[in-house]
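Data first, discussion second: the structure below is written as structure tokens.
Nothing here was measured: the structure is a model prediction, and the numbers come from that model. Each chain gets a letter, A, B and so on, in the order its sequence line appears, and its residues count up from 1.
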There are 2 protein chains.
Amino acid sequence: MATKTKKGKDGTTEQKIKEAARKLFTQKGFAATKTRDIANEAGINLALLNYYFRSKEKLFDIIMSENLEQFIRGVAVLMLDEKASVSEKLEKLISIYIDMLTQEPDLPIFIINTLRNNPSEMVIKMNAEIGAARDFFEKQIKREIKSGKIPQPVMDPFHLIANMIGLTIFPFVARPLLMRRANINDKQFNAYMQERKTLIPKWLMAMQNIK
Amino acid sequence: MATKTKKGKDGTTEQKIKEAARKLFTQKGFAATKTRDIANEAGINLALLNYYFRSKEKLFDIIMSENLEQFIRGVAVLMLDEKASVSEKLEKLISIYIDMLTQEPDLPIFIINTLRNNPSEMVIKMNAEIGAARDFFEKQIKREIKSGKIPQPVMDPFHLIANMIGLTIFPFVARPLLMRRANINDKQFNAYMQERKTLIPKWLMAMQNIK
DNA sequence: GTCTATATTCTGATAGAC
DNA sequence: GTCTATCAGAATATAGAC
């Protein structure tokens with residue numbers, strides 16, 4: 001890339017295009033986002049988009065890649081931490097995700113939609129990237145179960161994952177629906193999410209005993 | 001509509017188009033679905049689509065309307081039931097949704113995406129349609145809390161709704177992700193969902209005691 | 001009602017001046 | 001690097017024969 005020297009600099013034309021693209025792609029998806037909309041949002045000319053990124057598809061790939069990376073950023077490192085216990089890691093995971101999604105509420109729905117429509121090689125590759133950390137974490141879980149550090153009975157792993165992710169991420173996915181139903185504004189929604197940081201781990205513990 | 005006499009008849013051209021449209025719109029959304037794909041899927045000519053439905057947008061509106069209706073079908077009636085207690089209703093609600101989504105796994109993501117992009121008048125109207133039943137149900141909840149039928153302490157309504165919907169619906173939203181992560185097939189996924197019918201109410205009960 | 005052919009608009013991408 | 005003008009193809013919609 002010819003302009004790599006300016007990478008990250010805000011205000012750069014390249015950067016403006018990427019920001020506009022991220023906003024629209026993340027909000028509306030690939031097909032519903034028109035290149036003209038991106039150019040408009042970025043306040044630049046349509047031709048510049050192709051000058052910098054060659055095609056809509058390549059631009060989307062970059063955005064998707066960065067979105068995915070952000071979505072798993074820090075998580076792999078966190079999982080690989082040798083010192084932290086499983087329950088400590090779970091608490092931190094939930095907290096990190098809630099903070100991230102408070103900043104970027106559209107991320108989960110974008111990831112879900114993109115995974116559904118493009119199980120492309122890159123996505124699979126990204127998946128592999130976090131795979132090692134996940135394997136490590138899962139082994140740690142099994143170890144702690146064996147050693148009795150995690151109290152029995154233990155929830156089926158499928159349900160545990162589904163519940164943890166569901167309780168943490170779903171409110172952001174259904175955000176407009178929940179906000180309308182509860183008749184609350186952005187600030188109140190975020191306050192509820194902050195509450196959930198401490199509630200979800202406790203809830204998950206309480207659910208463990210159910211058979 | 002000129003062809004209303006054949007309404008509901010399967011095999012009708014109109015019906016074939018609608019079925020194809022429902023499948024594609026629900027799977028891929030409005031923008032990513034091409035009218036040619038619909039015609040193709042329905043095994044008819046492109047021109048017929050416009051003959052029956054005038055435009056892609058009108059066709060989409062019909063599909064969206066029916067999808068939304070299906071999504072809330074039976075629920076209003078269930079909520080308005082005078083005899084059933086709150087906890088009985090919750091159990092039934094969860095069970096109904098899991099059965100419905102097992103048949104139509106793409107429904108939630110479609111609804112969520114559509115609500116995000118088109119908070120149109122029709123959607124608001126639909127929302128109002130279920131509003132009365134919801135109000136009735138919420139009053140019943142308050143009554144049962146007062147009378148002590150629902151044991152204290154009680155979870156904040158926002159969290160309760162978020163948890164109930166999240167635990168029930170989210171697995172279907174994240175279905176591909178969960179299936180890959182747990183390395184299971186469709187049949188196993190559905191079996192897990194059946195399990196959740198009885199687990200979720202118990203989980204929700206156990207969570208009630210957390211402060 | 002159904003089809004083929006065609007009109008019309010939209011959209012992604014490029015050429016070429018500055 | 002940035003813009004205007006324009007092209008080529010895709011996508012929606014319609015005309016008109018049968």
On the nucleotide dC3(C), are OP1 or OP2 found under 4.0 Å from the side-chain N or O atoms that N45(B) carries? no
In whole angstrom, give the distance that lies between atom CG of L24(A) and atom C1' of dG12(C). 16 Å
From CD of Q15(A) over to P of dG1(D), roughly how many Å is that when rounded to an integer? 13 Å
salt_bridge(R175(A), D186(A)) N-O dist < 4.0 Å: yes
Ranking dG1(C), dC3(D), dG1(D) by distance to the side chain of Y51(A), first place goes to dG1(D)
Separation of dG1(D) atom P from I17(A) atom CD1, nearest Å, is 11 Å
Can you check the F30(A) CZ to dT11(C) P distance for me, whole Å? 13 Å
Give a yes/no answer on whether the side chain of T35(B) brings an N or O atom under 4.0 Å of OP1 or OP2 in dA11(D). no
Geometric cation-pi criterion K56(A) and F30(A), 6.0 Å radius, 45° cone: yes
From the options dA13(D), dT2(C), dC3(D), select the nucleotide whose nearest atom is closest to the side chain of L48(B). dT2(C)
For L46(A), report the nucleic acid contact type (base, sugar-phosphate, nothing); a contact means any heavy atom under 4.0 Å. base
Would you mind telling me which of dG12(C), dT2(C), dC3(D) lies closest to the side-chain atoms of K56(A)? dG12(C)
Nearest-angstrom distance from the residue atom CG of N50(B) to P of dT9(C): 15 Å
CA sep, side-chain torsions, deciding dist, call: N67(A), T114(A), side chain to side chain contact (heavy atoms under 4.5 Å, CB included): CA-CA 11 Å; N67(A) 272 356; T114(A) 303; over 6 Å; no
Taking the six-membered ring where the residue is Trp, are the ring centres of F172(A) and F189(A) under 6.0 Å apart? yes
Whole-Å distance, E57(A) CD to dA10(D) C1', equals 14 Å
Indicate yes or no: does R22(A) engage E19(A) in a salt bridge with an N to O separation below 4.0 Å. yes
Does R36(A) reach a base, just sugar-phosphate, or nothing at all? Heavy atoms under 4.0 Å. base
Closest to the side chain of A47(B), out of dT2(D), dA13(C), dT4(C), is dT4(C)
Taking OP1 and OP2 of dT2(D), is either one under 4.0 Å from a side-chain nitrogen or oxygen of Y52(A)? yes
How long is the line joining CZ of F60(A) and C1' of dG12(C), in whole Å? 16 Å
Between CG of L49(B) and P of dT2(C) the distance, given in whole Å, is 12 Å
